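Inspection log for the structure reproduced underneath, given as structure tokens.
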Amino acid sequence: MRKHSYQPIGIFDSGIGGLTVANAIIRKLPQEQIIYFGDTAHVPYGDKSADAIRYYCLRIAKFLLEKNCKMIVVACNSASSVAYHVLTEFFKDQALFVNVVDPLVEATVTKGYNKVGVIATKATTQSDVYPRQLRSRAPNMKVQSLATPLLAPMIEEGYVTNNISNVILENYLSDTRFTNIEAILLACTHYPLIHSNISAFFDHKVDVLDSTDIVAEAVFQQLKRNELLNHQKCNGHQFFVSDYSLSFEETTRIFYKGEIDLEHCALWQ
Ligand code: DGL
């Protein structure tokens, strides 16, 4: 199917956290129109089965294709880990696809680390996608991953630098499997908000990689390769959620600094 540069970029996540990725893409490509979809009716994906996540993702991708998107960015790590291959299998002829795992793996491999840590949701950790991909690209790299399920709800509550968040972070990051790591991968939409806390925990001696600017660069490169970069001024962005509540509206302000009008899209009714 022929695509055009003026078509929007679709970005989706299990909820609001994917706005960290949307933010980075908007910063890097201000001329592109973004259509964001947060599946707030089903958040969190981190505790869901792979089959359930795949089912949700297929429906959301269909919605974004109906909105005429030239590219779909799977901003959610849990979704990228378990559903990306299904999405591309079904829809690769209709849009370009970018996930958040591949660019982070690429950036990690390029640096040639000996030992890295990965923190993520349970779904991402159980998928084993980061260790598998990193080891296949860099067989000598030691990869240690840990599910850190308390971090996402903690960040959504705005707990990023207080006694509670410090204790939770310390508890996770002092795990012995992270001894002597050279880098830590923040494999979750929410964790860029605690990037500096994590760096400080390791006395700024460990590289901290997250999927914001690295993914925005991958989006840019893929659009450029396909001659689909938009050079005209874009129409306004749109932000859809599958369930609307005041609480989601408030959470949005933690993740996105600009003005946002959340539109309720009853995808599951
Ligand atoms: N967006 C999810 C991810 O990046 C985190 C929140 C959730 O569990 O849905 O894995």
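Please read these numbers as outputs of a predicted model, since none were measured by experiment. As the structure lists them, so they are numbered: ligands from 1, and atoms in each ligand from 1.
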**Item:** D39 side chain to Y45 side chain, donor-acceptor N/O pair below 3.5 angstrom
**Value:** yes

**Request:** For this output row, return yes or no: ring centroids of F239 and F37 closer than 6.0 angstrom.
**Result:** no

**Asked** Would F12 and Y36 count as a close aromatic pair, with their ring centres under 6.0 Å?
**Response** no

**Item:** H264 vs F240, ring pair (Phe, Tyr, Trp, His ring centres under 6.0 Å): CA-CA, chis, key distance, verdict
**Value:** CA-CA 6 Å; H264 182 208; F240 294 99; over 10 Å; no

**Message:** Given 3.5 Å as the limit, does a donor-acceptor pair link the side chain of R132 with the main chain of S127, or not?
**Reply:** yes

**Message:** With a 4.5 Å cut-off on side-chain heavy-atom distances among I, L, V, M, F, W and Y, is there a chain of contacts connecting V74 to V118?
**Reply:** no

Between ligand 1 and the protein, give all atom pairs where both partners are nitrogen or oxygen and the distance is under 3.5 Å, as lines of names plus distance to 0.1 Å.
residue	atom	partner	partner atom	Å
ligand 1	1 (N)	D13	OD1	2.8
ligand 1	1 (N)	S14	OG	3.1
ligand 1	1 (N)	T189	OG1	2.9
ligand 1	4 (O)	N77	N	3.0
ligand 1	4 (O)	T189	N	3.0
ligand 1	4 (O)	T189	OG1	3.3
ligand 1	8 (O)	Y45	N	3.4
ligand 1	8 (O)	G46	N	2.8
ligand 1	9 (O)	S14	OG	2.6
ligand 1	9 (O)	Y45	N	2.7
ligand 1	10 (O)	S78	N	3.1
ligand 1	10 (O)	S78	OG	2.6

